[in-house]
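Note sheet for the following structure.
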Amino acid sequence: MAKYNHKEIEKKWQKKWNKDELYRVGEDAKKPKYYILDMFPYPSGEGLHVGHPKGYIATDIFARMKMMQGHNVLHPMGWDAFGLPAENYAIKNKVHPRVATEKNIATFKSQIEKLGMTYDWDREIDTTDPEYYKWTQWCFLKMFERGLAFESHEPINWCPGCQTGLANEDLEDGRCERCDSEIEQKPMRQWVLKITDYADRMLEDLDKLPEWSNSIREMQRNWIGRSEGAIIKFDLKSESDHNSQFSTLNSNVEVFTTRVDTIFGCTYMVVAPENPVISDQKSVISNYDEVQEYIDASKKKTELERTELQKDKTGVEIKGIKAVNPFNGEEIPVFVADYVLGHYGTGAVMAVPAHDERDAEFAKKYDLPIKQSVAQTFNGEGKNKVQKDKPMTERKTVDVILKHWEKDEYFCLDWKINNWKAFIVGGVEGEETLEEAALREAQEESGYKNMKVIGTVGQEIHSNFYAAHKQVNRNPVMRNCVYIELQDGERGELEEEHTKHHDGVWVKKDEVQDFLNLSEPKIYFDILQNGEKAFTEDGTLIDSGEFSGLKSEEAREKMVAWLEKKKLGGKKVNYKLKDWVFSRQRYWGEPIPIVHCEKCGVVGVPESELPVKLPEVKHYEPSGTGESPLATIEDWVNTKCPKCGGDAKRETNTMPQWAGSSWYYLRYIDPKNDNALVDKDKEKYWSPVDFYVGGAEHATRHLIYARFWHKFLFDIGVVNYEEPFTRLQHVGLIMAEDGRKMSKRWGNVINPDDIVEVYGADALRVYEMFMGPFSQSTAWSTKGLTGAKKFLERTWRLFEEKELIDCGGDCKDIPKELPVLLHKTIKKVSEDIEGFDFNTAISQMMIFVNEATKHERLPKEGMKKFLQLLAPFAPHMAEEIWREKLGEKESVFKSTWPKYNPKKIVEEKVEIVIQVNGKVRDKIEMDAEIDEDGAKAAALESENVQKHIEGKEIRKVIFVPGKLISFVV
RNA sequence: GCCCGGAUGGCGGAAUUGGUAGACGCGCUGGACUCAAAAUCCAGUGAUAGCAAUAUCGUGAGAGUUCGAGUCUCUCUCUGGGCACCA
């Protein structure tokens, strides 16, 4: 052995491990199993760049440690190979996608193998292999049999670039995720999977996944977008020509709302352009042409345009009809506007501009009435809390915002008792209007004479509190606010009753918010400055008939019950998640195993005839007519109906790329089984996937689909547990050195093959794990890579140049700090690999190597343990030293992972920090077990501590054993 | 707009329950070796003042709690990600 030659070593051990079948695994009841999984890659034509294997390196390190800890580890790899790029490449270069795919897989595999991975290649899978997609088709048939896969003619997302329909999950900001084309809505025949049937279960079971990050669970919750509300029927009335009276039509419109409690504030209704009520009522709509014109215009807009213009809401009143609010019988106008979406809820909403921002915007633009029905509510806290045994009184008050006659200042009251800081507030008496009361109060409390009422500010607010000085509850105080401007400074004498409790002060505009200490005046002043926004939170119902006075939540329950009793609607749950549009009009995907028979209709291909193989075609181009290229192959399309034997045609749509990846992790368990998707016993042994590692971009696509698919397989008894992935970890990207994403386009791609050639696979592995926290994205640095390489070389030299002393477990003549450090290192590296904190694990190993380098003689046993820790990170180098230098007979990966001895990481002497008033003044070495008195005595001997304590009294001593002692003087 | 993260030296990043901020690596500076360079090794490296001991300041900004705050609370700024007219 001499110089560290990575090229020789790495090739040598890769060959040897392969030959010895080191990574082959089978079911072994004696060992605990561990299934660790990488998200399998799409084998693109560009090959891997150094960022791609980051996750694979991490799982490999993890897998190796688990192996050494005695687990039976399943760590497989495969290819998600159906998809558009291969097909587009085929179109361009006239190469069959199969050929291009095979070539790409070979490239990927060779790149991955050079990194020294533990993959069991006997279990390799490829989603484009008919033996694999047979089972994808089988899953589809099972869903079809249970009504979960069905044909639909609803308009779907159509990508004009890719010439295919897409699922919602394939869009990004209204554009095609793949080619960036603007998406159109196109009605066409589609296969759809009823994923919404599983929405609630997918939502609930997120709580069973504590080892998933909160952020991804939150993302899934948002994507599923469950909202609970009510359906309400509004009867329609039409205007008769003669007397402009409205008469009841035998028809109604259903709206969906989550805020039925605001319904007394509903002042109009809006239906989506797609809502069929418009054409149904054509005969009674007096401006039908205008309405139709609006609908046509909004149909021309793409979804993107409709949402991009979201600030500017447009709409047209549908004249000749009115809707009737079932709660109060009010007749309200009906509008058509494209801010209401056809595909969500019922495609119609009750508009409550006082309590919904979008409705408010529309109402302001078209000058529609705004009517408050829910009051913002404050409840007193502490001393101000309502006391049940004291009398309850209602009271109506007005807050007065009084502006100075020439300066930008406002008149406020500084209360001597209560410490309130507020505007003038007074009761509204008898028949007084708000304005009259405000004017009277302003004059009484301020003494100024000439003032002008400008208008009211904001909505009614309710306050519930206990007024201690009167010993009654104010329950509620219904407050409003009036804005008044002084005309001049003429002022009379103030009566004593108005000065004894508070002083009047002028406060500059910018300081008013800081001055005020009560919520209600703050809200009013904010509205005066910044304009009014709809109040969209819960509160107390007002002007809502029999429901007045209820809290929003209680009101919703009672109102839904009322609707159900009267058969005018009821409870309803809606989801943002849409059913999964599952057919693609492209070639390179799994054929959907369905035939269309003239007699029998849609018939599933019998299981015995699976797989339905993808036929050879001359052209892969999409037809553009919404049919897949398969439609042109007559002898494939024309077939016999499996039911009646008559003429039938095959389904020519193919499945989306997500299909094969929705269940692939199950096939690794039993990749060659021809009789079942997976053998039941094997499935029981290996599943679930204990740990799943991959990119965050799949949080709402692959991971939604796979969870759905898995739950379906659970329901039909293929798997024995409900959630496929127990622990989930995201890989952070590796950016290029210039901070941009690595891409052919920027010319900043680094190929791992080149790095392996120059620096070695081990250096690349160590570097990528050392770059930073695993889930964080970090820029590549070739300088940083040399640091990793240097660390490996220093480690190599340790075994090359130092004298290794073989003295059993317990060496007397070696530096005593080394065993302590070793056991600390064992602890840290083991825990950090488990937690995926590789950067700190490596840093700890560096500390160990730095210390060991200082000594000439090292304990052999300890150094072996260190080598075992290093082995998962730098497997080739570790194996070389283990076998060739230390002469071990078996692979280091067959050795047993070292355990740390808790007793050995306790140091005898520790540095105790001495603080005076929280500042570090000295550090003294003491016995680790020293008690407070001992530490205190030692600390007080320090010169520097004495200097800071001198002449002062020690008031308190805080002692943290083994850490610090702190004096407060 | 809403929901999650994040902000620490020249750079990547460390820091159990609040308890020595800057571990480890890169870079930089000086030195050793060398005819010289590379490689390697040794020392130094948050800022300011000082020969030094040491002192003061310092974890995006501002307030607060505490003997003590990168860590906890509130407000704000910037930034990454997700969702977005979802009624």
Side-chain angles (χ1 to χ4, degrees), chain A residues 172-174 213-223 225-227 229-230 255-260 262 270 272 306-313 337-341 343-352 355-359 361-362 536 574-578 696-697 699-700 730 732 766-767 770-773 775-788 790-791 793-794 797 831 837 839-850 853 911-923 943-944 947 955-960 962-969:
Chain A
E172 251 169 29
D173 292 329
S213 73
N214 286 330
S215 67
I216 190 180
R217 282 188 289 173
E218 202 51 38
M219 268 190 229
Q220 293 220 341
R221 272 186 207 111
N222 290 338
W223 192 264
R226 182 182 202 273
S227 62
V255 303
F256 172 72
T257 179
T258 55
R259 290 300 304 274
V260 60
T262 65
V270 189
R306 244 169 99 161
T307 49
E308 256 178 9
L309 300 169
Q310 61 179 263
K311 291 257 157 62
D312 191 32
K313 295 190 170 39
D338 62 9
Y339 81 88
V340 173
L341 307 171
H343 57 71
Y344 184 78
T346 59
V349 301
M350 63 176 213
V352 186
H355 303 300
D356 182 282
E357 275 169 39
R358 294 151 303 180
D359 297 341
E361 219 176 284
F362 191 79
T536 58
N574 261 321
Y575 302 93
K576 279 200 264 185
L577 180 75
K578 288 210 270 179
E697 68 273 20
T700 50
H730 281 150
V766 169
Y767 171 60
F770 185 61
M771 288 175 85
S775 60
Q776 188 181 302
S777 79
T778 325
W780 177 266
S781 152
T782 303
K783 284 264 173 61
L785 178 63
T786 60
K790 272 197 251 176
F791 161 64
E793 281 169 347
R794 281 159 68 90
R797 282 204 305 273
E831 289 172 358
D837 298 315
N839 55 335
T840 48
I842 292 170
S843 136
Q844 183 66 34
M845 290 190 288
M846 286 171 168
I847 292 170
F848 181 85
V849 169
N850 289 347
T853 303
E911 213 174 48
I912 301 273
V913 172
I914 304 153
Q915 294 184 344
V916 179
N917 280 351
K919 290 202 167 161
V920 180
R921 293 305 175 187
D922 206 350
K923 302 161 191 175
E943 243 178 73
N944 204 33
K947 206 166 82 192
R955 278 197 286 179
K956 201 174 164 189
V957 180
I958 297 134
F959 178 66
V960 182
K963 275 254 156 98
L964 95 168
I965 181 156
S966 180
F967 298 98
V968 185
V969 299

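A, B, ... follow the sequence lines: proteins, then strands. Residue 1 opens every chain.
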G13(B) and U8(B), which share atom name P, separated by this distance in whole Å
9 Å
For a quick test of reading the model: is some side-chain N or O of [X] closer than 4.0 Å to OP1 or OP2 of [N]?
X: N850(A); N: A23(B); value: no
X: R217(A); N: G82(B); value: no
X: K790(A); N: C26(B); value: yes
X: R221(A); N: C83(B); value: no
X: Y344(A); N: A87(B); value: yes

Please pick, from [options], the nucleotide with the shortest atom-to-atom distance to any side-chain atom of [X].
X: K313(A); options: C85(B), U56(B), A87(B); value: C85(B)
X: F256(A); options: A87(B), C83(B), G27(B); value: A87(B)
X: T840(A); options: U56(B), A87(B), A14(B); value: A14(B)
X: V340(A); options: A87(B), C85(B), C83(B); value: A87(B)
X: M846(A); options: A23(B), G25(B), C83(B); value: G25(B)
X: K956(A); options: A15(B), C67(B), C85(B); value: C67(B)
X: S227(A); options: C83(B), A87(B), G13(B); value: A87(B)
X: R794(A); options: U56(B), C41(B), A14(B); value: C41(B)

Smallest separation among heavy atoms of [X] and [Y], with atom names:
X: K576(A); Y: W223(A); result: CB-O, 3.9 Å
X: H730(A); Y: I216(A); result: CE1-CD1, 3.6 Å
X: D359(A); Y: V352(A); result: OD2-N, 2.9 Å

Which nucleotide, if any, forms a Watson-Crick or G-U wobble pair with [N], using both distances under 3.5 Å?
N: G6(B); value: C78(B)
N: C83(B); value: G1(B)
N: U56(B); value: A47(B)
N: A21(B); value: none
N: G68(B); value: none
N: U16(B); value: none
N: U40(B); value: A32(B)

Counting any heavy atom closer than 4.0 Å, what does [X] reach on the DNA or RNA strands: base, sugar-phosphate only, or nothing?
X: G225(A); result: nothing
X: Q776(A); result: sugar-phosphate
X: N839(A); result: sugar-phosphate
X: K783(A); result: sugar-phosphate
X: N214(A); result: nothing
X: R797(A); result: sugar-phosphate
X: R226(A); result: nothing

Taking C-beta and beyond as the side chain, do H355(A) and T536(A) meet within less than 4.5 Å on heavy atoms?
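They are not in contact (no side-chain heavy atoms under 4.5 Å apart), so the answer is no.
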Given side chains that start at C-beta, do those of F770(A) and M846(A) come closer than 4.5 Å, heavy atoms only?
yes
Atom-pair distance ([atom1] on [X]; [atom2] on [N]), nearest Å:
X: H730(A); N: G80(B); atom1: NE2; atom2: C1'; value: 15 Å
X: M219(A); N: G82(B); atom1: CE; atom2: P; value: 7 Å
X: I216(A); N: G81(B); atom1: CD1; atom2: C1'; value: 12 Å
X: E218(A); N: C2(B); atom1: CD; atom2: C1'; value: 11 Å
X: H343(A); N: C85(B); atom1: NE2; atom2: P; value: 9 Å
X: M845(A); N: A23(B); atom1: CE; atom2: P; value: 19 Å
X: I914(A); N: G68(B); atom1: CD1; atom2: P; value: 19 Å
X: Q220(A); N: C4(B); atom1: CD; atom2: C1'; value: 14 Å

[X] side, atom [atom1]; [Y] side, atom [atom2] - distance, nearest 0.5 Å:
X: Y339(A); Y: E361(A); atom1: OH; atom2: CD; result: 9.0 Å
X: R794(A); Y: T853(A); atom1: CZ; atom2: OG1; result: 4.5 Å
X: Q220(A); Y: T700(A); atom1: CD; atom2: OG1; result: 7.5 Å

Here's a test of your reading of the structure: between G345(A) and W223(A), which maps to the more 5' nucleotide of RNA chain B?
W223(A)
Atom pairs under 3.5 Å, N or O on each side, protein against nucleotides 16-20 of chain B: can you list them with distances?
unit_1	atom_1	unit_2	atom_2	d
G19(B)	N2	Q915(A)	OE1	2.6
U20(B)	O2	K923(A)	NZ	2.9

With the 90 degree cut-off around zero defining syn, does G9(B) come out syn or anti?
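Here G9(B) takes the syn form, which means its glycosidic angle is within 90° of 0.
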Is the shortest distance from a Lys or Arg side-chain nitrogen in R221(A) or E218(A) to a carboxylate oxygen in the other one below 4.0 Å?
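Counted as a salt bridge, because a side-chain N and a carboxylate O are separated by less than 4.0 Å.
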For W780(A), which residues count as a ring-ring contact (aromatic ring centres under 6.0 Å, His included) partner, sequence neighbours excluded?
Y767(A)
